[in-house]
Amino acid sequence: MKNSVRIVALQALLMAVVISLAMDSINAASINIKNQCSETISACATCGICGGQVNCYALAPNNGFQVIDVGPNWPGGVIWGYPGGSANPTDGNNAKPQADLAEFTIGASGEDYYDISNVNAYNLPLLINPTTIAPPGQRQGLECGTPICSIGNIYSFCQSPNYLTGPVGYGCYNVDGPGPVATSGTEQFANACPDAYSYSNDNANHVYACPTGSNYEVVFCP
């Protein structure tokens, strides 16, 4: 009898493991990083549970892409890019504070959250778009919406107190962006990219959400 009970318990445990793995597979997210710019760029990604690891990919112009599978739980996920095809993590780390960021929290109590941040800087046009929407999600405002930030001429855009970064990101620093309040400097970013964060507490209408199990694309030069 004891052996029978143990076998039933083991079967139940194995079934629970199988169900858990199946749910993880169903809820796992993939992100297609695409380059629609006319020049080669490097795109980089890291996350809050990545142990500081940064992966960078050289993306050819006009629809070069790299799909990354981030699983069902990717907190503090960040994707950014910089000009050129070095795809070097050191260059990527140096470019990050000079770039606009696609930020993700995948798998937070059944929801994915994402946004575009210009808090530090802006360097390349950027879009986040859900490509597969898990039920019961639908495209409506901040629900499974598509934020975009595209500035035509960074040289004429980048005015005092903000200033150009130079290599390797070749962006425009948002000098007051890390601060808690809007300023004339952050307003330059807010007016150019109303879908994106322009300073650290700029939370209103900038955080998008979609059910976990959705997939996404991050597009440079959309």
Side-chain angles (χ1 to χ4, degrees), residues 31 33-39 41-48 75-84 92-105 108 111-130 139-210 216-222:
I31 301 175
I33 309 171
K34 300 169 67 175
N35 176 24
Q36 293 183 350
C37 303
S38 59
E39 62 179 3
I41 68 166
S42 294
C44 302
T46 189
C47 73
V78 184
I79 296 170
W80 70 99
Y82 62 93
N93 274 322
N94 290 335
K96 186 180 178 185
Q98 304 175 358
D100 43 328
L101 310 176
E103 300 180 319
F104 289 88
T105 295
E111 289 288 322
D112 299 342
Y113 298 96
Y114 56 97
D115 65 81
I116 294 175
S117 174
N118 291 332
V119 168
N120 292 323
Y122 168 93
N123 68 336
L124 292 170
L126 187 62
L127 170 149
I128 304 174
N129 179 51
R139 293 184 189 273
Q140 184 174 351
L142 296 175
E143 181 182 359
C144 302
T146 302
I148 184 172
C149 178
S150 182
I151 296 173
N153 188 325
I154 195 171
Y155 300 102
S156 60
F157 162 77
C158 197
Q159 302 295 318
S160 179
N162 306 312
Y163 61 95
L164 296 170
T165 71
V168 289
Y170 294 97
C172 176
Y173 278 126
N174 183 359
V175 172
D176 296 330
V181 298
T183 68
S184 60
T186 67
E187 284 298 318
Q188 294 178 29
F189 288 87
N191 292 335
C193 291
D195 290 350
Y197 271 80
S198 61
Y199 63 97
S200 61
N201 287 347
D202 192 12
N203 296 309
N205 299 319
H206 294 132
V207 180
Y208 294 74
C210 217
Y216 304 89
E217 63 181 1
V218 171
V219 184
F220 292 96
C221 303

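Here the structure is a predicted model, which means the values were calculated and not measured.
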Atom pairs and distances, donor-acceptor, side-chain atoms in residues 144-152, under 3.5 Å, two or more places apart:
residue	atom	partner	partner atom	Å
Thr146	OG1	Asn129	OD1	2.8
Thr146	OG1	Arg139	NH1	3.4

Task: Tyr82: side-chain hydrogen bond (donor to acceptor under 3.5 Å, both in side chains) partners, not counting sequence neighbours - done: Ser86
- [ ] Answer yes if the side chains of Tyr197 and Asn203 hold a donor-acceptor pair under 3.5 Å, and no otherwise.
- [x] yes
TODO: Kindly indicate whether the side chain of Tyr216, heavy atoms from C-beta on, has any atom under 4.5 Å from the side chain of Cys210.
DONE: yes
Task: Residue pair Leu142, Asn205: steps toward the side-chain contact (heavy atoms from CB on, under 4.5 Å) verdict - done: CA-CA 7 Å; Leu142 296 175; Asn205 299 319; 4.0 Å; yes
Open item on the list: Holding to side-chain hydrogen bond (donor to acceptor under 3.5 Å, both in side chains), I want the full list of residues that pass it with Gln36, two or more places apart in sequence or in another chain.
Closed with: Asn63
Task: Partner set under salt bridge (Lys or Arg N to Asp or Glu O under 4.0 Å) for Glu103, not counting sequence neighbours - done: none
TODO: Look up atom CG in Leu124 and atom CD in Glu39, then write down how far apart they are to the nearest 0.5 Å.
DONE: 7.5 Å
TODO: Answer whether the closest heavy-atom distance between the side chains of Pro161 and Gln188 falls below 4.5 Å.
DONE: yes
Open item on the list: If the condition is ring-ring contact (aromatic ring centres under 6.0 Å, His included), which residues does Tyr173 pass it with, not counting sequence neighbours?
Closed with: Tyr163
Task: Nearest non-hydrogen partners of Pro222 and Leu126, listed with the distance - done: CD-N, 4.0 Å
- [ ] Spell out, as yes or no, whether a donor-acceptor pair under 3.5 Å connects the side chain of Asn162 to the backbone of Cys158.
- [x] no
Task: Student check: side-chain heavy atoms of Cys221 and Pro125 closer than 4.5 Å - done: yes
Open item on the list: Is the shortest side-chain heavy-atom distance between Val218 and Ile31 below 4.5 Å?
Closed with: yes
Task: Derivation of the side-chain contact (heavy atoms from CB on, under 4.5 Å) call for Leu101 and Lys96 - done: CA-CA 8 Å; Leu101 310 176; Lys96 186 180 178 185; 4.1 Å; yes
Open item on the list: Just verifying a value: how many Å separate Asn201 CG and Thr186 OG1, rounded to the nearest 0.5 Å?
Closed with: 11.0 Å
Open item on the list: Return the OH to CD distance between Tyr199 and Glu187, rounded to the nearest 0.5 Å.
Closed with: 8.0 Å
Open item on the list: For a quick test of reading the model, state the closest non-hydrogen atom pair linking Tyr170 to Pro83 and the distance between them.
Closed with: CD1-CG, 4.2 Å
Task: Identified side chain to side chain contact (heavy atoms under 4.5 Å, CB included) partner of Phe104 from the options Ile79, Asp115, Asp112 - done: Ile79
Open item on the list: Tell me every residue that passes ring-ring contact (aromatic ring centres under 6.0 Å, His included) with Phe189, counting only those two or more places apart in sequence or in another chain.
Closed with: Phe157
TODO: Mind listing the closest non-hydrogen atom pair of Gln159 and Tyr155 along with its distance?
DONE: NE2-O, 3.9 Å
Open item on the list: Would the distance check show the side chain of Asp100 and the main-chain N or O of Asn123 forming a donor-acceptor pair, the cut-off being under 3.5 Å?
Closed with: yes
Task: Shortest non-hydrogen separation from Gln98 to Gly169 and the atoms involved - done: OE1-N, 2.6 Å
- [ ] Would you mind reporting whether Ile33 and Phe220 have side-chain heavy atoms less than 4.5 Å apart?
- [x] yes
- [ ] May I ask you to test the Ser198-Cys193 pair for a side-chain heavy-atom distance under 4.5 Å?
- [x] no
- [ ] Of all the heavy-atom pairs spanning Asn93 and Trp80, show the shortest one and how long it is.
- [x] N-CZ2, 4.5 Å
Task: Nearest-0.5 Å distance that lies between atom CD1 in Ile116 and atom CD1 in Ile128 - done: 4.5 Å
TODO: Please report the shortest heavy-atom distance between Val119 and Pro178, naming the atom on each side.
DONE: O-CD, 3.6 Å
Task: 4.5 Å side-chain heavy-atom contact, Tyr122 and Asn174 - done: no
